[in-house]
Amino acid sequence: MERTYLMVKPDGVQRNLAGEIISRFEKRGFKIIGLKMFKITRDLAEKHYGEHVGKPFFEPLVDFITSGPVVAMVIEGKNAISAAREMMGATDPLKAAPGTIRNSFGIDMGRNVIHGSDSPASAAREIGLFFKEEELVVYNRDLDRWIYE
Ligand code: DAT
Ligand code: MG
C-alpha cells in the first residue's frame, strides 16, 4: 500500500469543490488517513514548491497557494501516487483528459484546483511537510475486502 499527499488548492476551496474532490478519492476506494484545513505560510509554500524556485511562475504560485485555506489529505491505497495523479489530470487543465479533476473543474494552469505528489520521494517529503505523524490515523476498514481481491 502506498500513501500520497493531496491538497485542494485555495481556488478549489473558494469554489466549494473540496467535498466533491474528496468524494472522488473516497468513491474510488482510497482510504483517507489524514485530513485538515489550514492556510499555508509563505515559508512552507516555498519549501513545498522548492523544485520550482527561479521559474517565472514561482512567485505567482507561492502567492496563490498562500492566498486562502487549503484542504489537505493523505490517502492510502494500492498505487495511490500514480492513480491519484491520473485522477487529477495534466497540470494544464485544458490538456487534462476528460473526466479528470482538472478537466472537470479548471481552465487556467495557475488555477488547477488540486495538488498531488508525483513520486514516492515527493509523497514522503510532502506528507512530512504538512502532517505530523500523530495526525495520520491508522485504522481498518471492513469494506477493503470489497475493494481489493
Ligand atoms: P503539478 O501540479 O501537475 O505537479 P508542477 O509541479 O509542474 O505541476 O507545477 C506546480 C504548479 O505550478 C502547477 O500545478 C501549476 C503551476 N505551474 C506549473 N507550470 C506552470 C507554468 N508553465 N505556468 C504557470 N503555472 C505553472
Ligand atoms: Mg508537481
Side-chain angles (χ1 to χ4, degrees), residues 1-138 147-148:
M1 292 294 165
E2 210 171 58
R3 291 177 175 184
T4 192
Y5 176 75
L6 301 175
M7 175 165 73
V8 182
K9 293 181 178 181
D11 54 338
V13 175
Q14 292 293 331
R15 292 174 57 200
N16 293 333
L17 294 171
E20 162 101 29
I21 290 170
I22 293 167
S23 189
R24 287 194 177 203
F25 294 96
E26 279 190 307
K27 287 176 188 162
R28 180 85 189 268
F30 288 111
K31 179 159 76 170
I32 298 171
I33 60 165
L35 182 66
K36 60 180 175 178
M37 175 187 256
F38 59 96
K39 270 183 90 170
I40 304 185
T41 61
R42 218 168 167 85
D43 180 56
L44 208 52
E46 286 171 358
K47 277 195 189 117
H48 172 63
Y49 281 127
E51 64 174 310
H52 298 304
V53 172
K55 295 181 187 169
F57 61 85
F58 181 72
E59 286 301 326
L61 177 62
V62 171
D63 287 344
F64 166 62
I65 209 70
T66 57
S67 67
V70 298
V71 170
M73 63 182 152
V74 177
I75 62 163
E76 190 176 82
K78 198 184 275 184
N79 252 319
I81 299 167
S82 62
R85 290 286 296 192
E86 195 175 74
M87 289 168 71
M88 289 162 52
T91 306
D92 180 350
L94 289 178
K95 297 193 177 114
T100 60
I101 292 165
R102 284 165 166 172
N103 166 279
S104 299
F105 304 123
I107 297 172
D108 266 359
M109 183 107 95
R111 298 287 185 273
N112 63 5
V113 175
I114 184 168
H115 167 84
S117 309
D118 64 4
S119 68
S122 71
R125 194 179 75 85
E126 292 167 3
I127 292 169
L129 209 51
F130 293 104
F131 282 86
K132 298 185 185 112
E133 188 59 44
E134 61 266 28
E135 291 176 321
L136 300 178
V137 187
V138 175
I147 293 169
Y148 298 108

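Start at 1 and go down the list; that is how both ligands and their atoms are numbered.
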Quick one: does ligand 1 sit under 4.0 Å from the side chain of [X], the backbone, both or neither, non-hydrogen atoms only?
{"X": "Met88", "answer": "neither"}
{"X": "Thr91", "answer": "both"}
{"X": "His48", "answer": "neither"}
{"X": "Lys9", "answer": "side chain"}
{"X": "Arg111", "answer": "neither"}

Distance under 4.0 Å to a non-hydrogen atom of [X]: what atoms of ligand 1 satisfy this?
{"X": "Arg85", "answer": "1 (P), 3 (O), 4 (O)"}
{"X": "Tyr49", "answer": "10 (C)"}
{"X": "Asn112", "answer": "13 (C), 14 (O), 15 (C)"}

Is it possible for you to check whether Lys36 lies under 6.0 Å from the centre of the six-membered ring of Phe131, through NZ or CZ, and within 45° of that ring's axis?
->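 Yes, a cation-pi geometry holds between Lys36 and Phe131.
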
Can you name the nearest heavy-atom pair linking [X] to [Y], along with the distance?
{"X": "Ala84", "Y": "Leu6", "result": "CB-CD2, 3.9 Å"}
{"X": "Gly68", "Y": "Lys39", "result": "C-CG, 3.7 Å"}
{"X": "Ala72", "Y": "Tyr5", "result": "CB-OH, 3.4 Å"}
{"X": "Arg24", "Y": "Gly99", "result": "NH1-O, 2.9 Å"}

pair Thr41-Thr66: side-chain heavy atoms closer than 4.5 Å |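 They are not in side-chain contact.
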
Which word best sums up how the rings of Phe130 and His48 line up, parallel for under 30°, tilted for 30 to 60°, or perpendicular for over 60°?
->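 Taking His48 first and then Phe130, their aromatic rings stand perpendicular (interplane angle over 60°).
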
contact_flag Met7 ligand 1 heavy-atom lt 4.0 Å = no

Count the heavy atoms belonging to other residues, nucleotides or ligands that lie under 6.0 Å from NZ of Lys27, then report whether that count exceeds 12.
-> no

Could you walk me through whether Ile147 and Lys31 pass the side-chain contact (heavy atoms from CB on, under 4.5 Å) check?
-> CA-CA 11 Å; Ile147 293 169; Lys31 179 159 76 170; over 6 Å; no

Suppose we measure from [atom] to each protein heavy atom; which comes out shortest, and what is that distance?
{"atom": "atom 6 (O) of ligand 1", "result": "His52 NE2, 2.9 Å"}
{"atom": "atom 2 (O) of ligand 1", "result": "Arg102 NH2, 3.0 Å"}
{"atom": "atom 22 (N) of ligand 1", "result": "Met109 CE, 3.4 Å"}
{"atom": "atom 24 (C) of ligand 1", "result": "Phe57 CB, 3.6 Å"}

